[in-house]
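Since this is a predicted model, take the numbers as computed values, not measurements.
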Amino acid sequence: MKTLDRWLASSWRRSGAAAAAGALPVLAFPGPALWWWAWAALVPWLLLTRTAPTGKRAVYDGWCGGFGFMLAMHHWLLPNLHVFTFVIAALLGVLWAPWGWLVRRLLGGAPSVRRVAASLVVLPSGWLAVELVRSWEGLGGPWGMLGAGQWQVAPALRLASVGGVWLLSFLVVAVNVAVAVLVAVRRARVPALAGLVATAAAASAVWVWAPRPGAGGERVAIAVVQPGIVAGAASADRRFDREEELTRRLAGRDPDLIVWGESSVGFDLDDRPDLARRLAALSRETGADILVNVDARRSDKPGIYKSSVLVGPEGPTGDRYDKMRLVPFGEYVPARSLLGWATSVGEAAGEDRRRGTEQVVMDVGDGLRIGPMVCFESAFPDMSRRLAADGAEVLLAQSSTSTFQHTWAPEQHASLAALRAAETGRPMVHATLTGVSAVYDANGAQIGSWLGTDASAARMYEVPLTHGETLYVRYGDWAVYAAMLTLATWAAAEGARAVRLRRSAPRPPAPPARTAHGSPARPGH
């Protein structure tokens with residue numbers, strides 16, 4: 001232990017250790033998808049930060065750990081953003097600096113039982129505060145929220161239907177804190193064990209009590225068309241040809257809806273009426289409406305939009321959703337006047353896409369109502385929640401991760417649909433150009449098999465419809481509000497305690513009176 005302390009005495013080595021510890025939770029996400037690892041992955045970071053010699057050093061440990069987490073979570077951006085990936089990770093890592101201070105404040109030294117008990121709720125609340133801030137679209141959105149690593153665990157998905165991914169993040173951090181206390185703070189093992197037991201008991205109670213989506217027995221057949229990689233000259237035309245060929249294979253199979261991926265149509269359909277006619281012919285041939293995604297400069301208003309467009313037997317039905325939340329640097333450059341240089345060192349957007357103004361629920365034939373999202377909008381739990389509340393029976397995400405084909409990104413993106421389905425109690429279809437495409441039922445369980453990044457195919461999925469409303473749809477982000485209230489209450493209690501300590505502290509003795517000659521008065525002389 002002394003050898004380790006001497007090694008960590010170097011500021012640079014300690015910072016490197018913090019960054020490495022912060023990167024560990026990423027193994028819980030796809031590709032490795034070691035979901036169980038998340039429940040102990042924060043322990044090394046917690047143990048390091050609690051031993052920081054000063055509050056300032058704890059802030060650095062938090063920052064460096066956050067940098068490591070963000071860099072590991074987004075490492076697949078390196079070939080595209082290059083050095084800017086490190087800049088983004090360093091900027092976002094700052095969000096964990098106060099959390100590092102909080103860890104030392106509650107667990108540093110020989111913490112009392114009271115402080116340990118407080119840490120079991122305050123530290124998870126602090127983590128949720130970080131996730132809340134970084135969930136803002138301008139900071140990259142909520143990609144890699146800690147609870148999202150539990151997308152394949154049925155009990156966790158059940159909890160998500162109650163409090164969303166926020167509740168999962170809170171519980172994961174709480175368990176990590178309890179484990180860290182069991183490892184490092186002998187005198188406080190009882191409250192740590194009590195915290196673990198309480199977490200398990202609460203999770204079990206929710207598992208039994210939380211309402212499940214009501215199944216009405218009705219099913220819809222939804223087909224996903226994934227053309228695969230199409231590159232080179234005239235790729236937009238050749239991609240359309242491939243999608244058309246795959247869609248024709250669905251004729252005679254009676255799909256209720258056919259979904260193409262993001263940017264599946266590279267031209268505005270008003271400018272290319274020939275494409276609109278071909279889509280309408282496909283709709284008549286297959287007997288189903290087709291949801292395409294148009295990535296093009298619009299003819300009726302200025303700018304480039306990414307739009308989900310529904311096409312029926314007579315052509316576009318008029319149902320259209322323009323993407324609202326854009327990918328920073330990928331689809332627009334924040335503060336382009338300052339950061340426009342990013343286009344010269346990576347593959348940042350040369351021209352900003354335009355934003356839509358409202359979400360849309362579309363009516364498909366036979367009364368089916370669908371709620372489309374585009375690309376990383378599926379990472380935002382509030383968007384799918386709003387669509388479910390507005391009456392969507394099936395959630396849809398049209399995506400394209402072709403730029404990151406041989407990385408962890410496609411699987412990470414596909415896994416998010418399981419969480420959105422469980423949160424809302426609505427099945428979700430994740431349709432991509434190049435994989436991974438996936439479909440989940442209203443409990444977040446996978447339907448059929450994934451269409452991987454090596455597939456070029458059209459696949460049908462039998463999707464069971466549900467009714468009813470999950471607690472998350474009804475009450476929203478209550479877990480976040482509870483976390484913010486916890487932090488405010490703890491801060492107020494700490495402030496009141498500091499005031500009491502100042503008032504009760506003995507006052508220093510008054511200085512002795514001085515004589516006219518400037519020397520202290522000496523009584524008795």
> Could you check whether any side-chain N or O of Arg272 sits under 3.5 Å from a backbone N or O of Phe267, counting only pairs where one atom can act as donor and the other as acceptor?
no
> Quick check: are there more than 12 heavy atoms from other residues, nucleotides or ligands sitting under 6.0 Å from CH2 of Trp127?
yes
> Under the side-chain contact (heavy atoms from CB on, under 4.5 Å) criterion, do Phe86 and Leu78 qualify, and how do the steps go?
CA-CA 8 Å; Phe86 292 91; Leu78 278 167; 3.5 Å; yes
> Does Arg298 CZ have over 12 foreign heavy atoms under 6.0 Å away?
yes
> Determine the minimum heavy-atom distance between Leu128 and Ala479, stating which atoms define it.
CD2-O, 3.9 Å
> I'd like to know if the side chain of Thr432 pairs up with that of Ser400 as donor and acceptor (distance under 3.5 Å, no hydrogens or angles considered).
no
> Take Tyr321 and Glu377 through the side chain to side chain donor-acceptor pair (under 3.5 Å) test and state the conclusion after the steps.
CA-CA 12 Å; Tyr321 166 65; Glu377 288 183 331; 2.8 Å; yes
> How about Asp322 and Ser307: does a side-chain donor come under 3.5 Å of a side-chain acceptor?
yes
> Provide the full list of ring-ring contact (aromatic ring centres under 6.0 Å, His included) pairs with a residue in residues 274-302, sequence neighbours left out, each pair given once.
none
> Mind checking whether Pro211 and Thr470 have side chains closer than 4.5 Å, heavy atoms only?
no
> Heavy-atom distance under 4.5 Å between the side chains of Leu465 and Leu368, does that happen here?
yes
> Does the gap between the ring centers of Trp45 and Trp99 come in under 6.0 Å?
yes
> For Asp319, is there any backbone N or O sitting under 3.5 Å from a side-chain donor or acceptor partner on Thr317?
yes
> So, does Glu314 use its side chain to make a donor-acceptor pair with the main chain of Pro316 at under 3.5 Å?
no
> Is there a donor-acceptor contact under 3.5 Å from the side chain of Asp441 to the main chain of Asn443?
yes
> Would you say the side chain of Ile258 lies within less than 4.5 Å of the side chain of Ile222, judging by non-hydrogen atoms?
no
> Identify the heavy atoms of Ser135 and Met145 that sit nearest to each other, and give their distance.
OG-SD, 4.2 Å
> Say whether Gln405 and Thr434, considering side chains only, have a donor N or O and an acceptor N or O under 3.5 Å apart.
yes
> Determine all donor-acceptor pairs shorter than 3.5 Å in which one atom belongs to a side chain in residues 33-41; sequence neighbours excluded.
| unit_1 | atom_1 | unit_2 | atom_2 | d |
| --- | --- | --- | --- | --- |
| Trp37 | NE1 | Leu24 | O | 2.8 |
| Trp39 | NE1 | Gln150 | OE1 | 3.1 |

> Using the side-chain contact (heavy atoms from CB on, under 4.5 Å) rule, take Arg369 and Asp390 through it: C-alpha gap first, then chi angles, then the decisive distance, then the call.
CA-CA 10 Å; Arg369 307 193 75 202; Asp390 287 344; over 6 Å; no
> Looking only at heavy atoms, which two atoms of Ala379 and Pro142 are closest? And how far apart?
O-CG, 3.0 Å
> Within the distance-only criterion (no hydrogens, no angle test), does the side chain of Asp295 pair as donor or acceptor with the backbone N or O of Gly266 below 3.5 angstrom?
no
> Scan residues 207-235 for pairs that pass salt bridge (Lys or Arg N to Asp or Glu O under 4.0 Å), counting only residues two or more places apart or in two chains.
none
> Can you find a pair of side-chain heavy atoms, one from Met428 and one from Met373, that are under 4.5 Å apart?
yes
> Would you compute the distance between atom OG of Ser384 and atom CG of Leu395 and round it to the nearest 0.5 angstrom?
6.0 Å
> Do Tyr472 and Pro381 come close enough that some side-chain heavy atom pair is under 4.5 Å?
yes
> Output the distance between atom OH (Tyr305) and atom NZ (Lys301), rounded to the nearest 0.5 Å.
4.5 Å
> With Val220 as reference, evaluate Asp256, Ile370, Val364 under the side-chain contact (heavy atoms from CB on, under 4.5 Å) test and give the passing residue.
Asp256
> Kindly indicate whether a cation-pi arrangement holds for Arg325 with Phe380, taking the cut-offs as under 6.0 Å to the six-membered ring centre and within 45° of the axis.
yes
> Is there a donor-acceptor contact under 3.5 Å from the side chain of Asp268 to the main chain of Ala296?
no
> Should Val259 and Val225 count as side-chain neighbours, where that means a heavy-atom distance under 4.5 Å?
no
> Under the salt bridge (Lys or Arg N to Asp or Glu O under 4.0 Å) rule, what pairs show up with a residue in residues 459-487, not counting sequence neighbours?
Glu469-Arg474
> Have Arg320 and Ser308 got a donor and an acceptor in their side chains that come within less than 3.5 Å?
no
> Applying side-chain contact (heavy atoms from CB on, under 4.5 Å) to Leu396 and Leu257, what does each step give before you reach the verdict?
CA-CA 11 Å; Leu396 297 161; Leu257 177 68; 4.0 Å; yes
> Closest heavy-atom contact between Pro255 and Met460?
CB-SD, 3.6 Å
> Test your reading of the model: is there a side-chain donor-acceptor pair from Ser264 to the backbone of Trp260, 3.5 Å cut-off?
no
> Taking Val374's backbone N and O only, do any of them form a donor-acceptor pair with Glu262's side chain (distance below 3.5 Å, no angle check)?
no
> Checking the side chain of Ser415 only, and the main-chain atoms of Trp151 only, is there a donor and an acceptor separated by less than 3.5 Å?
no
> Looking at Arg386 and Glu358, is any side-chain nitrogen of the basic one under 4.0 Å from a carboxylate oxygen of the acidic one?
no
> Of all heavy-atom pairs between Ser263 and Asn293, which one has the smallest distance, and what is that distance?
N-OD1, 2.9 Å
> If you compare all heavy atoms of Leu416 against all heavy atoms of Ala148, which two are closest, and at what distance to 0.1 Å?
CD2-CB, 4.3 Å
> Indicate yes or no: does Glu244 engage Arg248 in a salt bridge with an N to O separation below 4.0 Å.
yes
> Show me the pairs that pass ring-ring contact (aromatic ring centres under 6.0 Å, His included) and involve residues 383-436, at least two apart or across chains.
His75-Trp408, Trp76-Phe404, Trp143-His413, His413-His430
> Is there a side-chain contact between Asp363 and Leu310 in this structure, where contact means two heavy atoms from C-beta onward sitting under 4.5 Å apart?
no
> Answer yes when Arg420 and Asp382 have at least one side-chain N-carboxylate O distance shorter than 4.0 Å, and no when they do not.
no
> Okay, side chain of Glu137, backbone of Leu326: is any donor-acceptor separation there less than 3.5 Å?
yes
> Side-chain polar contacts of residues 154-163 - donor-acceptor pairs under 3.5 angstrom, sequence neighbours left out - could you list them?
| unit_1 | atom_1 | unit_2 | atom_2 | d |
| --- | --- | --- | --- | --- |
| Arg158 | NE | Ala210 | O | 3.4 |
| Arg158 | NH1 | Trp207 | O | 2.6 |
| Arg158 | NH2 | Trp207 | O | 3.2 |
| Arg158 | NH2 | Ala210 | O | 2.2 |
| Ser161 | OG | Arg158 | O | 2.6 |

> Can you tell me how far CE of Met484 sits from CG of Leu132, rounded to the nearest 0.5 angstrom?
5.5 Å
> As an exercise, state the distance from OG of Ser437 to CD of Gln226, rounded to the nearest 0.5 Å.
4.0 Å
> Say you draw a straight line from NZ of Lys323 to CD of Gln398; how long is it, rounded to the nearest 0.5 Å?
11.0 Å
> Contact between Pro427 and Thr466 at the side-chain level, heavy atoms closer than 4.5 Å - yes or no?
yes
> Let me see the working for Leu146 and Glu131 under side-chain contact (heavy atoms from CB on, under 4.5 Å), right down to the final yes or no.
CA-CA 9 Å; Leu146 196 59; Glu131 290 198 337; 3.6 Å; yes
> From Asp289 CG over to Leu279 CG, what is the distance, rounded to the nearest 0.5 angstrom?
11.5 Å
